[in-house]
Student: 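Attaching a single structure in structure tokens format; questions to follow.
As the structure is a computational prediction, the values presented were derived from the model and not from experiment.
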Amino acid sequence: MRLGTAKLGSATSQLLQGLGLERRDVSAAALAALERLSAERDALAEKLAAAEALADRDSLSPVFNRRAFLRELHRTMSEVERYKSSAAVLYVDLDGFKALNDSYGHAAGDAVLRQVGMLLLDSVRESDVVGRLGGDEFGIILNRASAEEAHAKATSLNAKVNSAVILHEGMAHRIRASFGVHAIALVEEPETAIARADEAMYADKYARRAQTQAFAGF
């Protein structure tokens, strides 16, 4: 069937409409060229979208990398400021991760990071954001969550991570994590919010360590 009488693709039809042209105003050769250009443009757009998605992803786990996480955190803060909504940042640090790497190798450590990333991602809402901030540290943005809801979520996630068993090359690895919560209420820089959640995480880590030492000495 000739292009002059064939059905045009929607992209080509939209292009003609944008140019203020009717189908009858364009020759068959020109229509064929427009069809090819439209297809090439669509294919390029798909490749660009895929490349952008890959650029946002962490190299090991199925979550955002730090750059993308900061971008999403900035977006969340803008929404908090504009709509007076609530949100929170969770900071997650894996306890004893260096010892795991030293004892079982980096491949085992990478497997743990992947599984923890998947566990965190599967345990939050689609509107929330999970990212690896570096090393064995993860961040979570809880959109439209109050401070109380954020603390409850941190407690739930902590139980899930601490009870998880990760298999690598036939060996089971158990991990523990420390969580810090920072409720976003004021206008602040994304890095500041992360730092405050990090401080809360260390306070929780050392409080638990002191409690364990006190119990051991009882």
Student: Can you check ring-ring contact (aromatic ring centres under 6.0 Å, His included) on His168 and Tyr104, steps first, answer last?
Tutor: CA-CA 10 Å; His168 176 68; Tyr104 301 101; 9.3 Å; no
Student: Let's go through Leu113 and Phe97 carefully: what are the C-alpha distance in whole Å and the side-chain angles of both, what is the deciding distance for side-chain contact (heavy atoms from CB on, under 4.5 Å) to 0.1 Å, and is it a yes or a no?
Tutor: CA-CA 10 Å; Leu113 292 175; Phe97 184 76; 3.7 Å; yes
Student: For residues Met171 and Val112: do they belong to one hydrophobic cluster (side chain heavy atoms under 4.5 Å, members Ile, Leu, Val, Met, Phe, Trp, Tyr)?
Tutor: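 Both belong to a single hydrophobic cluster.
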Student: What's the separation between atom CD in Glu81 and atom CD in Glu188, rounded to the nearest 0.5 Å?
Tutor: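 So the CD of Glu81 and the CD of Glu188 are separated by 11.0 Å.
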Student: Among all residues two or more places apart in sequence or in another chain, which pass the side-chain contact (heavy atoms from CB on, under 4.5 Å) test with Tyr202?
Tutor: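 Scan of Tyr202 (side-chain contact (heavy atoms from CB on, under 4.5 Å), adjacent residues dropped) gives Asp198, Lys205, Tyr206.
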Student: Hey, quick one: are Leu157 and Val129 part of the same hydrophobic cluster, counting side-chain heavy atoms closer than 4.5 Å, chains of contacts allowed?
Tutor: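 Result: no, two separate clusters.
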Student: Using a 3.5 Å distance criterion without hydrogens, assess whether the side chain of Ser103 forms a donor-acceptor pair with backbone atoms of Leu100.
Tutor: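 Not a single qualifying donor-acceptor pair exists.
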Student: Is it true that the side chains of Ser178 and Asp95 contain a donor and an acceptor less than 3.5 Å apart?
Tutor: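 A pair is found: one side chain offers a donor N or O, the other an acceptor, under 3.5 Å apart.
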Student: Phe64, Leu142: one ILVMFWY side-chain cluster at the under-4.5 Å cut-off?
Tutor: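 In one cluster: no.
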Student: Would you find a donor on one side and an acceptor on the other, under 3.5 Å apart, between the side chain of Glu149 and the backbone of Ser146?
Tutor: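 Between the backbone of Ser146 and the side chain of Glu149 there is a qualifying donor-acceptor contact (under 3.5 Å).
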Student: Please determine, by modelled atom types, if Asp58 and Ser61 share a side-chain donor-acceptor pair under 3.5 angstrom.
Tutor: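 Checked: Asp58/Ser61 side chains pair up, N/O donor to acceptor below 3.5 Å.
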Student: Over all heavy atoms of both residues, which pair between Ala193 and Val89 is shortest? Give the atoms and the distance, please.
Tutor: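 It is CB-CG2, 4.4 Å.
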Student: For Thr76 and Ala87, which heavy atoms make the closest approach, and how far apart are they?
Tutor: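 Minimum heavy-atom contact is CG2-CB, 3.6 Å.
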Student: Looking only at side chains, do Ser127 and Asn143 share a donor and an acceptor under 3.5 Å apart?
Tutor: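 No, because no side-chain N or O of Ser127 sits under 3.5 Å from a partner of the opposite role on Asn143.
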Student: Apply the test side-chain contact (heavy atoms from CB on, under 4.5 Å) to residues Arg132 and Glu137: give CA-CA distance (whole Å), side-chain angles for both, the deciding distance (0.1 Å), then the verdict.
Tutor: CA-CA 6 Å; Arg132 187 162 77 100; Glu137 299 165 337; over 6 Å; no
Student: Is a side-chain N or O of Asp122 found less than 3.5 angstrom from the main chain of Leu119, in a donor-acceptor match?
Tutor: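 Here the side-chain-to-backbone pair does not exist.
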Student: Evaluate the side-chain proximity of Arg57 to Pro62: yes if any heavy-atom separation is below 4.5 Å, no if none is.
Tutor: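 They are not in side-chain contact.
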Student: Under 4.5 Å between side-chain heavy atoms, counting indirect links through other Ile/Leu/Val/Met/Phe/Trp/Tyr residues: same cluster for Phe69 and Val80 or not?
Tutor: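 Yes; Val80 is reachable from Phe69 via cluster members.
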Student: Over all heavy atoms of both residues, which pair between Ala177 and Leu94 is shortest? Give the atoms and the distance, please.
Tutor: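 Between these two residues, the closest heavy atoms are CB-CD2, 4.0 Å.
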Student: Which heavy atom of Val116 sits nearest a heavy atom of Ile175, and at what distance?
Tutor: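 Minimum heavy-atom contact is CG2-CD1, 3.2 Å.
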Student: Please confirm whether His182 and Tyr91 have ring centers closer than 6.0 angstrom.
Tutor: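 Distance test on ring centres: not under 6.0 Å, no.
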Student: Kindly say whether Asn158 contributes a backbone atom to a donor-acceptor pair with the side chain of Asn162 at under 3.5 angstrom?
Tutor: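 Between the backbone of Asn158 and the side chain of Asn162 there is a qualifying donor-acceptor contact (under 3.5 Å).
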Student: Under the salt bridge (charged side-chain N to carboxylate O under 4.0 Å, His left out) criterion, do Arg66 and Glu191 qualify, and how do the steps go?
Tutor: CA-CA 10 Å; Arg66 186 184 184 94; Glu191 288 283 9; 2.9 Å; yes
Student: I'd like to know if the side chain of Arg75 and the backbone of Ser78 have a donor-acceptor N/O pair within less than 3.5 Å.
Tutor: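 No: the side chain of Arg75 does not pair with the backbone of Ser78.
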Student: Are Lys98 and Asp136 close enough for a salt bridge, meaning some N to O gap below 4.0 Å?
Tutor: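 A salt bridge is absent here (no side-chain N lies under 4.0 Å from a carboxylate O).
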Student: Is Arg144 salt-bridged to Glu79, going by a charged N under 4.0 Å from an acidic O?
Tutor: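 Looking at Glu79 together with Arg144, the answer is yes, because their closest N to O distance falls below 4.0 Å.
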Student: Determine, step by step, whether Asp128 and Ile141 satisfy the side-chain contact (heavy atoms from CB on, under 4.5 Å) criterion, reporting the C-alpha distance in whole Å, the side-chain angles of both residues, the deciding distance to 0.1 Å, and the verdict.
Tutor: CA-CA 6 Å; Asp128 299 328; Ile141 303 170; 5.9 Å; no
Student: Check Arg71 with Asp56, please: is the shortest side-chain N to carboxylate O separation under 4.0 Å?
Tutor: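 Arg71 and Asp56: salt-bridged.
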Student: Quick one: does Ser163's side chain have a donor or acceptor within less than 3.5 Å of a partner on Ala159's backbone?
Tutor: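 Here the side-chain-to-backbone pair exists.
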Student: Are Leu70 and Phe138 joined in one hydrophobic group, where the rule is that I, L, V, M, F, W and Y side chains link up if heavy atoms are under 4.5 Å apart?
Tutor: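 Result: no, two separate clusters.
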Student: So that I can tick it off, tell me whether Glu199 and Arg196 are bridged by a salt bridge, with the cut-off set at under 4.0 angstrom between side-chain N and carboxylate O.
Tutor: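 Not counted as a salt bridge, because no side-chain N and carboxylate O are separated by less than 4.0 Å.
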Student: Is the closest side-chain heavy-atom distance between Val124 and Lys153 below 4.5 Å?
Tutor: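 In short, these two side chains touch, coming nearer than 4.5 Å.
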Student: What are the two closest heavy atoms between Ala108 and His173, and how far apart are they?
Tutor: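 Closest pair (atom of Ala108, atom of His173, distance): CB-NE2, 4.1 Å.
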